[in-house]
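Okay, so here's the structure we're looking at.
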Number of protein chains: 2
Amino acid sequence: MPIDPHSSRALYRQLADELRSKIYSGELKPGAQLPTERELMEQFDASRNTVRLALGQLANEGLTVSGRGRGHFVRASAPLLFLATRSESPDRRANTANDAWTTDVTAQGRTPAQTIEVSIVRPPQNVASLLELEEGETTALRTRLRTVDGEANSLSMSYFPMSIVATTEIVQPDDIVRGANRVLAEIGHDQVRYLDQITARMPTPDERDALRIGAGIPVHEHVRVGYDADDVPVRVAVTVLPADRHIIQYELANAQ
Amino acid sequence: MPIDPHSSRALYRQLADELRSKIYSGELKPGAQLPTERELMEQFDASRNTVRLALGQLANEGLTVSGRGRGHFVRASAPLLFLATRSESPDRRANTANDAWTTDVTAQGRTPAQTIEVSIVRPPQNVASLLELEEGETTALRTRLRTVDGEANSLSMSYFPMSIVATTEIVQPDDIVRGANRVLAEIGHDQVRYLDQITARMPTPDERDALRIGAGIPVHEHVRVGYDADDVPVRVAVTVLPADRHIIQYELANAQ
DNA sequence: AAGTCCCTGTTGTTGGTACAACTGGTGCTA
DNA sequence: TAGCACCAGTTGTACCAACAACAGGGACTT
């Protein structure tokens with residue numbers, strides 16, 4: 001019995017440790033139900049507050065989920081989906097009726113869909129700096145909510161300097177089947193170099209809402225800056241990916 | 001007054017929303033102290049438990065930190081540090097007394113250090129599968145805890161198939177200044193291709209401990225598989241990076 | 001001037017209670 | 001058989017109380 005009331009470690013932490021190790025060891029398998037709060041109260045001679053503190057800890061670590069009237073369950077390990085970065089390779093874009101992402105997802109046997117909104121905005125500070133914009137310059141913003149099999153999947157915001165795209169179809173709220181990148185290329189701003197920065201954080205309430213993100217699940221924030229042949233940044237794409245549904249993958253050839 | 005006791009939204013959620021929006025709007029700046037729990041109890045006419053539920057929510061989102069006897073504070077935004085992936089480019093490794101990471105960190109004006117442990121282990125399932133090992137095969141494991149300016153920074157575990165490295169200095173618990181990759185190259189297993197997979201999750205208690213990770217901060221798990229010219233996987237490096245201290249960066253040239 | 005002690009204020013931990021809201025099953029009814 | 005009503009069980013929300021542990025400042029001592 002690993003519960004020691006004389007230990008300096010808080011009781012609820014010991015309880016959380018106990019349950020956590022049962023999850024890691026496999027004694028409690030994904031999908032399995034944990035003991036009810038009442039059972040844990042009796043087993044460990046603790047108050048309900050204490051038991052709930054421990055269970056809350058596990059939930060915040062992304063290990064468990066719970067539902068009113070149902071119980072606490074070990075989170076079923078996610079049906080992982082790939083974001084193949086590097087899928088913008090040139091030969092992928094031409095001639096197909098779909099963009100690279102749609103093709104990727106379809107290839108995995110899932111059903112993709114997306115809604116697009118377009119607006120003209122002053123970009124956030126970090127985007128403005130990546131695009132090397134002057135104070136007050138505006139951008140076209142194409143916001144994309146992607147769904148797979150009807151479930152929200154990722155949220156992508158692409159910023160284009162208005163000074164470059166003002167007269168193109170990028171500012172039209174339509175799906176551009178051949179890809180916005182191709183439009184850029186047609187007006188002489190083909191992207192020849194990318195800079196990717198990946199951060200991880202807990203989602204904002206808006207994101208939790210839009211992407212149906214459970215408690216204890218972080219998000220990737222994937223920022224891609226595209227540069228044209230003159231080294232001018234022509235696009236910043238910010239993609240928010242719930243971490244339980246996405247692995248970001250890169251394939252690198254060791255040049256030389 | 002956004003607090004509505006008749007709302008269906010739980011009181012502690014409304015309170016959390018209220019405080020959160022003050023943080024996002026900048027009314028509460030990084031480092032600023034939030035009202036004390038007693039003050040919040042009075043302002044919102046709520047019990048201490050309810051107030052603490054709201055504050056706990058913010059902490060789990062990584063927005064605030066608290067300390068016994070001190071108070072609750074808006075988390076000071078992180079002094080971000082870069083992990084320049086792609087720093088293994090060939091010309092970087094030769095002739096220097098330091099490895100690529102040490103060079104990188106020093107270039108940023110910080111003081112790096114690392115401790116290395118070596119052992120022979122049966123690798124975890126996912127690593128075994130990435131290395132295409134048979135059941136029961138063992139690997140050399142070099143575990144590296146890196147610190148910057150005396151603070152724990154990242155945890156890296158590199159697995160090498162014993163069938164390849166058994167007779168090399170990789171199994172010795174010493175620092176290999178020219179890099180383990182170079183040793184691999186010398187015995188005919190130069191890595192010409194990498195596969196990187198990046199996931200994000202909440203840290204395990206061990207990791208929280210070893211890397212001093214605050215509540216509400218996720219980690220990146222960066223997995224790199226190195227393949228030699230015969231497409232044989234010769235190394236799997238798993239690196240755990242606290243997300244408040246690391247941005248993962250890739251530079252990509254659009255081949256052709 | 002420097003150090004020590006203590007006191008106050010703060011968060012951390014743990015106990016208790018009550019009711020609301022929801023799930024899943026049981027058994028009844030049409 | 002299908003549908004409905006109900007009930008027991010479970011988690012969610014909210015309240016109250018008490019003590020522990022720690023930080024920081026003020027007062028006092030040396």
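Per chain, numbering begins at 1; letters A, B, ... match sequence-line order.
- Atom CG in L40(B) sits about 15 Å away from atom P in dA14(D), given to the nearest Å.
- Note on T50(B): a side-chain N or O is less than 4.0 Å away from OP1 or OP2 of dC15(D).
- Distances shown here put every side-chain N or O of R38(B) at or beyond 4.0 Å from the OP1 or OP2 atom of dG9(C).
- Straight-line distance from the CZ atom of R68(B) to the P atom of dT14(C): 10 Å, rounded to whole Å.
- Of the charged side-chain nitrogens involved, none lies within less than 4.0 Å of a carboxylate oxygen, so that D244(A) and R201(B) do not count as a salt-bridged pair.
- Comparing N49(B) and Q33(B) along DNA chain C, the residue whose closest nucleotide (by nearest heavy atom) sits nearer the 5' end is Q33(B).
- When each of R212(A), R245(A), R75(A) is tested with I217(A) by the rule side-chain contact (heavy atoms from CB on, under 4.5 Å), just one qualifies, namely R75(A).
- A donor-acceptor pair under 3.5 Å is absent between the side-chain atoms of E42(B) and the main chain of E39(B), judged by distance alone.
- Whole-Å rounding puts the M41(A) CE to dT14(C) P distance at 14 Å.
- The distance between atom CD of E42(A) and atom P of dG16(C), rounded to the nearest whole Å, is 12 Å.
- Of the candidates dT13(C), dC15(D), dA14(D), the closest approach to any side-chain atom of A10(A) belongs to dT13(C).
- Rounded to whole Å, atom P of dT11(D) lies 13 Å from atom CG of L58(A).
- Of the side-chain N and O atoms in R48(B), none sit less than 4.0 angstrom from OP1 or OP2 of dC16(D).
- When the C1' atom of dG12(D) is taken as reference, atom CG of L53(A) falls 14 Å away, rounded to whole Å.
- The interatomic distance linking R70(A) (CZ) with dT23(C) (P) rounds to 8 Å, in whole Å.
- Between R13(A) and the phosphate of dT13(C), there is a side-chain N or O to OP1/OP2 separation shorter than 4.0 Å.
- Among the atoms of the strands shown, only primed sugar atoms or phosphate atoms (P, OP1, OP2) are found under 4.0 Å from some heavy atom of S66(A).
- Note: CG (L11(A)) to P (dG15(C)) measures 6 Å, nearest angstrom.
- In this structure a side-chain-to-backbone donor-acceptor pair under 3.5 Å is missing from E61(A) to P203(B).
- Around atom CD of E117(B), no more than 12 heavy atoms belonging to other residues, nucleotides or ligands sit under 6.0 Å away.
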